[in-house]
Amino acid sequence: MSMDFLSEVIGETVILGIDSLILGFCVKQLSKCKHILNALQSAPVLDIDGTLSKEISKFPNNTIPYVVIRGLVKPLGNPITSNYNSTVTGVVQRLTIKEHVIARTSAGFWSDQTRTIHEVCNATPFVLSNGKYNVEVIEAMAAELLDMDVISDKFEPMSPGVIDHVWGFFSGVRQRGLQTMEEMLRDGSYITAIGELSRTKSGALKIQPPKNGLPLYLTTATKSSLLKRLASSRDFLRILLVVFGTVALAASGRIAYKYLKRRRRKVVEECMKKQLAAGRKERRAHAREKNLSEVQLCVVCTENPKELQELLLKTGEAVLNC
């Protein structure tokens with residue numbers, strides 16, 4: 001593919017490249033979503049009671065690859081106390097500080113933007129309890145979905161002066177204020193845990209992120225509502241695949257059309273060149289003298305006259321005349 005042709009389809013090539021990246025990402029996410037959805041549909045829903053240990057014994061290595069259990073959050077030691085409400089305790093805490101600004105875009109418009117400038121997470125060991133039966137939750141911070149309650153959400157607006165306004169106009173960023181948020185997984189919350197359930201040699205039960213790559217969920221939603229959420233995400237990804245797939249086909253078709261058009265033009269040009277060359281050859285053949293002597297014939301083809309020799313003779317005569 002020549003460089004001049006690439007210059008003709010540079011726009012379509014850029015669109016096709018970007019669209020292919022997005023399409024590949026959508027395909028990957030859709031495959032992942034389908035895998036999780038199928039695993040969650042087949043995951044058993046077990047109660048935290050005396051029968052749970054018997055259920056685990058039915059599986060190899062005393063491990064259920066993917067299971068759904070529900071229970072009350074209970075810390076295995078001292079719980080974490082809220083920074084903004086001393087009466088609230090929990091087992092997982094996340095403190096986030098966000099900066100709210102008005103930034104100028106490349107198009108020249110001003111838009112609200114938010115960026116996280118500081119985030120701290122704290123966690124303490126905890127179990128899901130149902131009376132005297134407990135299941136310890138391992139690596140809760142690694143959960144793909146971790147539902148927490150918002151304990152505090154404060155926004156402190158800034159009061160910029162004249163100099164700040166001038167500086168913001170030239171720098172393209174105007175400060176609006178800081179947002180401080182505290183989220184906690186409260187002690188006593190009733191949540192659903194979805195992950196790998198196993199039993200240690202000591203007989204303790206624990207649920208953790210699965211080793212087969214499936215996500216760990218710690219959510220207040222039930223299995224059915226989580227299935228609906230995943231199905232909605234799957235359908236949305238399918239729509240994106242159709243949209244970006246159509247764009248990819250259109251861009252590819254445009255490139256193929258231009259390529260074929262250019263190829264046909266080249267074929268026509270080659271045919272015209274051959275026809276012109278054949279016409280010139282035929283005219284020269286008619287114009288040549290017949291019954292040439294062997295001295296005047298070309299020593300290679302023995303048919304055509306020595307055109308180069310005639311040209312040299314004519315050039316010599318012209319020089320003598322000068």
Heavy-atom count check: over 12 atoms from other residues, nucleotides or ligands less than 6.0 Å from [X] [atom1]?
X      : atom1 : value
Lys32  : NZ    : no
Phe155 : CZ    : yes
Arg238 : CZ    : yes
Arg70  : CZ    : yes
Asn78  : CG    : no

Taking NZ, NE, NH1 and NH2 as the nitrogens, is one of them in [X] or [Y] under 4.0 Å from a carboxylate oxygen of the other?
X      : Y      : value
Glu12  : Lys258 : yes
Arg94  : Glu182 : no
Glu269 : Lys266 : no

With a 3.5 Å distance limit and no angle check, can you tell me whether [X] reaches the backbone of [Y] through a side-chain donor-acceptor pair?
X     : Y     : value
Asp47 : Asp49 : no
Asn38 : Lys34 : yes
Ser31 : Val27 : no

Roughly how far, to the nearest 0.5 Å, is [atom2] of [Y] from [atom1] of [X]?
X      : Y      : atom1 : atom2 : answer
Thr89  : Leu185 : OG1   : CG    : 10.5 Å
Asp235 : Cys33  : CG    : SG    : 8.5 Å
Tyr217 : Leu40  : OH    : CG    : 7.0 Å
Met181 : Thr96  : CE    : OG1   : 7.0 Å
Glu55  : Ile69  : CD    : CD1   : 13.0 Å
Phe126 : Asn134 : CZ    : CG    : 12.0 Å

On a heavy-atom basis, which atom in [X] and which in [Y] lie closest, and how many Å separate them?
X      : Y      : result
Ser86  : Thr81  : O-CG2, 3.6 Å
Gly90  : Thr124 : O-CG2, 4.2 Å
Ser189 : Asp149 : OG-OD2, 4.4 Å
Ala221 : Thr192 : O-OG1, 2.9 Å
Gly71  : Leu128 : O-CD2, 3.9 Å
Leu216 : Ile138 : CD2-O, 4.1 Å

Decide yes or no for [X] and [Y]: does some side-chain heavy atom of the first lie under 4.5 Å from some side-chain heavy atom of the second?
X      : Y      : answer
Thr222 : Leu227 : no
Ser152 : Lys154 : yes
Glu196 : Ile207 : no
Tyr66  : Ser42  : no
Leu145 : Arg229 : yes
Ile191 : Thr219 : no
Leu205 : Ile56  : yes
Glu183 : Ile151 : no

Establish whether [X] and [Y] are linked, either directly or via other cluster members, by ILVMFWY side-chain heavy-atom contacts under 4.5 Å.
X      : Y      : value
Leu30  : Phe244 : yes
Met148 : Leu218 : yes
Leu230 : Val68  : yes
Met141 : Val127 : no
Ile194 : Val45  : yes

Will you find, in the side chains of [X] and [Y], an N or O donor that is under 3.5 Å from an N or O acceptor?
X      : Y      : result
Glu139 : Gln208 : no
Arg199 : Ser53  : yes
Asn61  : Thr63  : no

Test side-chain contact (heavy atoms from CB on, under 4.5 Å) applied to Ser252 and Leu16, step by step: CA-CA 7 Å; Ser252 301; Leu16 183 60; 3.6 Å; yes
Test log, rule side-chain contact (heavy atoms from CB on, under 4.5 Å), inputs Leu46 and Ile64: CA-CA 11 Å; Leu46 302 178; Ile64 305 178; 3.7 Å; yes
From CA spacing to verdict: side-chain contact (heavy atoms from CB on, under 4.5 Å), Arg186, Val88: CA-CA 7 Å; Arg186 293 194 188 192; Val88 177; 4.1 Å; yes
Check against side-chain contact (heavy atoms from CB on, under 4.5 Å), Lys98 and Ile117: CA-CA 6 Å; Lys98 297 182 179 179; Ile117 59 177; over 6 Å; no
